[in-house]
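Chain naming here is simple, since letters A, B, ... match the order of the sequence lines and numbering starts at 1 in each.
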There are 2 protein chains.
Amino acid sequence: MHFTELVKTIKERREVLQVTQERLAELSGVGLRTLKQFESGKGNPTLSTLQKLSDVLGMEVCLKIKNVGPSQ
Amino acid sequence: MHFTELVKTIKERREVLQVTQERLAELSGVGLRTLKQFESGKGNPTLSTLQKLSDVLGMEVCLKIKNVGPSQ
DNA sequence: CAGTAAAGTGCATTATAAAGCATTATTTTA
DNA sequence: TAAAATAATGCTTTATAATGCACTTTACTG
């Protein structure tokens with residue numbers, strides 16, 4: 001997933017769960033400014049920030065082997 | 001995946017591919033010091049750093065819904 | 001064991017993520 | 001449409017990630 005997709009995933013998940021940025025910031029311990037910056041596609045969050053947000057949203061950061069198959 | 005697992009995954013993948021830290025640093029554009037720090041379980045890499053390393057190793061950073069099933 | 005390669009660590013500097021605050025813009029809803 | 005809620009942005013400060021360099025430690029390999 002590229003940066004943009006990660007942002008989109010977090011943002012959509014937050015919206016599905018009907019959580020505001022403010023609430024997510026509170027629950028995750030991530031600064032509101034940091035969350036806003038991230039969701040608006042700017043910046044370069046630390047792994048820790050990404051994990052805190054993911055956690056609250058019931059998600060997790062993972063690494064998977066890229067699919068480099070020819071017929072994709 | 002927790003931080004430790006992410007580290008382990010990157011490190012093991014690098015070793016499987018028989019790439020040295022030095023070579024991975026070169027290929028990914030990540031500083032050798034940064035890579036060393038990460039692999040020895042210290043620090044808190046930025047998403048960008050994690051992605052650069054993953055890319056070269058044929059992996060990608062992703063977000064997935066956590067499995068919170070009762071019988072796990 | 002000696003020599004070499006690879007990995008880990010201390011220190012210092014630079015770049016930038018994290019954060020808060022105030023303000024503005026946008027969206028929602030009454 | 002007015003009011004309220006939510007989201008975005010500029011500015012600034014503080015914390016820390018990224019980096020290089022020199023050195024130590026740990027693995028290999030002859």
Side-chain angles (χ1 to χ4, degrees), chain A residues 1-69 72, chain B residues 1-69 72:
Chain A
M1 288 173 110
H2 290 300
F3 179 68
T4 315
E5 297 173 76
L6 293 171
V7 170
K8 199 168 160 240
T9 304
I10 291 281
K11 186 168 185 164
E12 283 178 0
R13 177 80 174 161
R14 178 178 64 74
E15 282 163 353
V16 164
L17 297 177
Q18 300 202 49
V19 178
T20 63
Q21 288 181 340
E22 202 166 340
R23 188 93 187 95
L24 176 54
E26 284 170 13
L27 292 172
S28 64
V30 167
L32 180 57
R33 194 67 180 71
T34 302
L35 173 55
K36 284 179 183 302
Q37 191 139 1
F38 174 64
E39 278 200 9
S40 55
K42 293 153 195 165
N44 176 24
T46 59
L47 174 56
S48 156
T49 292
L50 202 53
Q51 284 179 324
K52 285 179 197 162
L53 297 174
S54 306
D55 260 17
V56 170
L57 298 174
M59 307 182 82
E60 65 172 343
V61 177
C62 61
L63 286 173
K64 69 172 182 199
I65 307 280
K66 252 186 292 192
N67 207 336
V68 219
Q72 250 122 177
Chain B
M1 288 172 109
H2 290 299
F3 180 70
T4 315
E5 295 173 77
L6 293 171
V7 171
K8 199 168 161 240
T9 304
I10 292 281
K11 186 166 185 166
E12 283 177 0
R13 177 80 173 160
R14 179 178 65 74
E15 282 164 352
V16 164
L17 298 176
Q18 301 204 46
V19 178
T20 63
Q21 288 180 340
E22 201 165 342
R23 189 94 186 94
L24 176 54
E26 283 169 15
L27 292 172
S28 63
V30 167
L32 179 57
R33 194 63 180 71
T34 302
L35 173 56
K36 283 178 183 302
Q37 192 138 359
F38 174 65
E39 279 200 8
S40 56
K42 292 154 196 164
N44 175 26
T46 59
L47 174 56
S48 156
T49 292
L50 202 52
Q51 284 179 323
K52 285 179 196 163
L53 296 175
S54 306
D55 260 18
V56 171
L57 298 175
M59 306 182 83
E60 64 172 344
V61 176
C62 62
L63 286 172
K64 69 174 185 199
I65 307 279
K66 252 185 292 190
N67 208 332
V68 220
Q72 249 122 179

Over all atoms of both residues, closest heavy-atom pair of [X] and [Y]:
{"X": "L6(B)", "Y": "V61(A)", "answer": "CD2-O, 4.2 Å"}
{"X": "Q51(A)", "Y": "F3(B)", "answer": "NE2-N, 3.7 Å"}
{"X": "L57(B)", "Y": "R14(B)", "answer": "CD2-CA, 3.9 Å"}
{"X": "A25(A)", "Y": "G31(A)", "answer": "CB-C, 4.3 Å"}
{"X": "L53(A)", "Y": "S28(A)", "answer": "CD2-OG, 3.6 Å"}

Residues two or more places apart in sequence or in another chain: which of them pass salt bridge (charged side-chain N to carboxylate O under 4.0 Å, His left out) with [X]?
{"X": "R33(B)", "result": "none"}
{"X": "K8(B)", "result": "E12(B)"}
{"X": "K64(A)", "result": "none"}
{"X": "E26(A)", "result": "R23(A)"}

Which ones in [range] lie close to DNA chain D, meaning a heavy atom under 4.0 Å from one of its atoms?
{"range": "residues 47-54 of chain B", "result": "T49(B)"}
{"range": "residues 22-31 of chain B", "result": "G29(B), V30(B), G31(B)"}
{"range": "residues 5-16 of chain A", "result": "K11(A), R14(A)"}

With side chains defined as the heavy atoms from C-beta onward, is the minimum distance between [X] and [Y] less than 4.5 Å?
{"X": "L24(B)", "Y": "L35(B)", "result": "yes"}
{"X": "N67(A)", "Y": "E60(B)", "result": "no"}
{"X": "S54(B)", "Y": "I10(B)", "result": "yes"}
{"X": "F38(A)", "Y": "V7(A)", "result": "yes"}

Rounded distance (Å) that lies between atom [atom2] of [N] and atom [atom1] of [X]:
{"X": "Q18(A)", "N": "dT6(D)", "atom1": "CD", "atom2": "C1'", "result": "13 Å"}
{"X": "L35(A)", "N": "dA8(D)", "atom1": "CG", "atom2": "P", "result": "9 Å"}
{"X": "K36(B)", "N": "dT19(D)", "atom1": "NZ", "atom2": "C1'", "result": "13 Å"}
{"X": "N44(B)", "N": "dA15(D)", "atom1": "CG", "atom2": "C1'", "result": "12 Å"}
{"X": "R33(B)", "N": "dT16(D)", "atom1": "CZ", "atom2": "C1'", "result": "14 Å"}

Determine yes or no for a side-chain-to-main-chain donor-acceptor pair under 3.5 angstrom, with [X] supplying the side chain and [Y] the backbone.
{"X": "T34(A)", "Y": "V30(A)", "value": "no"}
{"X": "N44(B)", "Y": "S48(A)", "value": "yes"}
{"X": "E5(A)", "Y": "H2(A)", "value": "yes"}

*Which residues pass the side-chain hydrogen bond (donor to acceptor under 3.5 Å, both in side chains) test with Q21(B), sequence neighbours left out?*
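Scan of Q21(B) (side-chain hydrogen bond (donor to acceptor under 3.5 Å, both in side chains), adjacent residues dropped) gives K36(B), E39(B).
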
*Could you say whether G43(B) or V19(A) is positioned toward the 5' end of DNA chain D, judged by the nucleotide with the nearest heavy atom to each?*
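The residue closer to the strand's 5' end, by nearest nucleotide, is V19(A).
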
Spatial distance of atom [atom1] ([X]) from atom [atom2] ([Y]) [nearest 0.5 Å]:
{"X": "L17(A)", "Y": "L27(A)", "atom1": "CG", "atom2": "CG", "value": "10.5 Å"}
{"X": "T20(A)", "Y": "E15(A)", "atom1": "OG1", "atom2": "CD", "value": "11.0 Å"}
{"X": "L63(A)", "Y": "L50(B)", "atom1": "CG", "atom2": "CG", "value": "5.5 Å"}
{"X": "M59(B)", "Y": "C62(A)", "atom1": "CE", "atom2": "SG", "value": "9.0 Å"}

_Difference in axis direction between the ends of the helix from dC1(C)-dG30(D) to dA30(C)-dT1(D), five pairs, 10°_ =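 Roughly 60°, once rounded to the nearest ten degrees.
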
_First and last nucleotide of DNA chain C, 5' to 3', lying under 4.0 Å from heavy atoms of chain A_ =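 From 5' to 3', the first and last contacting nucleotides are dA17(C) to dC21(C).
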
*Looking at every strand, decide which applies to T34(B) at a 4.0 Å heavy-atom threshold: base, sugar-phosphate, or nothing.*
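Contact class for T34(B): base.
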
_Sugar-phosphate or base contact per nucleotide [nucleotides 23-30 of chain D; S, B, -; heavy atom under 4.0 Å]_ = --------

Restricting both atoms to N or O, compile the protein contacts to nucleotides 2-5 of chain D shorter than 3.5 Å, with distance only.
none

